[in-house]
Amino acid sequence: MLKNLEYCLITDEEKQAMFNRSLSLTTFDYECGGCARRTHARIIARGQDDITGNFLFWCYCNCGQPTCISRSADSETSLQWPRPGEFKVGVNWPPDLIRLFSEAAISFAGNAFTAASLVCRKILMAVAVDQGAADGGNFTLYVDYITNTILNYPKAKHAIDAIRKIGNEATHKIQFVDHADARRSLRICQYVLDAVYDLPLA
Ligand SMILES: [Zn+2]
């Protein structure tokens, strides 16, 4: 149960009302899980959990993504959802792949690791088709196309095969992907996308 819930709005009238009530904190600094940038975001509402004593802040970044932050009463520890963005899109990636990769990154930041790894499979399929693979094939053919045609050196094949295995487990069995494997899938996708779209323009 929340107590002392406050809505921290920011029009001149609202600011005056907050000033009258001696409220001062209306923004929060954190790394946004939506845009992966450091942000000085508005606090939309805040309150205190009467069981844990933690303060909860609902924040709104300029990028349009909300974030919820829980901070201990002594300010020593804090957690946030979605978590800070670890993965960043490349400037030269195609818009659809930016959107797809962002979905995977947001899923990962929201602890949806199985969903993130499945999107990573889709990213590889989309890259393969964008780079000339025939549409409508199965996933193995797309991975083979990438490792044989686009990134055809042995160490890349080994890494991309890891995504195939992680994605296969997520697709064909009810078996959840853990944090480490989802993170690995995203890192590999980031390398592939950078190599295909950013490296040639460097
Ligand atoms: Zn943001």
Side-chain angles (χ1 to χ4, degrees), residues 2 4-15 17-18 23-49 52 54-73 75-124 126-127 177-199 201-202:
L2 285 174
N4 300 330
L5 185 62
E6 296 163 348
Y7 296 93
C8 307
L9 304 176
I10 208 151
T11 64
D12 287 344
E13 294 79 7
E14 290 158 356
K15 276 197 246 182
M18 291 182 69
L23 297 175
S24 57
L25 181 64
T26 56
T27 58
F28 206 112
D29 286 306
Y30 59 92
E31 191 174 323
C32 177
C35 66
R37 284 191 285 263
R38 194 82 199 162
T39 186
H40 188 65
R42 278 184 56 187
I43 297 170
I44 302 299
R46 62 184 175 184
Q48 188 177 18
D49 187 296
T52 64
N54 289 349
F55 292 97
L56 298 176
F57 301 88
W58 287 267
C59 304
Y60 184 75
C61 175
N62 285 339
C63 75
Q65 295 291 333
T67 291
C68 183
I69 295 170
S70 170
R71 193 172 66 182
S72 60
S75 299
E76 287 292 310
T77 58
S78 65
L79 294 170
Q80 79 173 64
W81 303 269
R83 298 201 288 194
E86 181 178 348
F87 299 98
K88 296 172 177 57
V89 302
V91 292
N92 298 304
W93 299 2
D96 282 352
L97 284 166
I98 288 177
R99 185 173 169 186
L100 209 49
F101 188 85
S102 296
E103 283 195 18
I106 290 170
S107 298
F108 178 78
N111 296 329
F113 304 131
T114 305
S117 75
L118 288 171
V119 175
C120 285
R121 272 172 71 97
K122 194 169 178 67
I123 287 169
L124 290 190
V127 170
V177 176
D178 64 16
H179 174 267
D181 276 347
R183 185 168 182 272
R184 189 176 187 200
S185 296
L186 271 151
R187 281 171 55 83
I188 292 167
C189 274
Q190 176 131 41
Y191 284 130
V192 169
L193 289 161
D194 282 342
V196 172
Y197 301 106
D198 273 341
L199 181 60
L201 299 174

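Whatever order the structure lists ligands and atoms in, that order sets their numbers, starting from 1.
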What protein N, O or S atoms come within a distance below 2.8 Å of the Zn ion (ligand 1), ordered by chain and number? C32 SG, C35 SG, C61 SG, C63 SG
In terms of side-chain geometry, is the basic nitrogen of K122 or E103 positioned less than 4.0 Å from the acidic oxygen of its partner? no
Side chain proximity check, S102 to I98, heavy atoms < 4.5 angstrom: yes
pair F55-S75: side-chain heavy atoms closer than 4.5 Å: no
Got a second to check how far F113's CZ is from H179's NE2, nearest 0.5 Å? 5.0 Å
For residues 61-70, pull every pair meeting side chain to side chain donor-acceptor pair (under 3.5 Å), keeping only residues two or more places apart or in separate chains. N54-S70
Please work out which of the three classes, parallel, tilted or perpendicular, describes the rings of W93 and F101, given edges at 30° and 60°. perpendicular
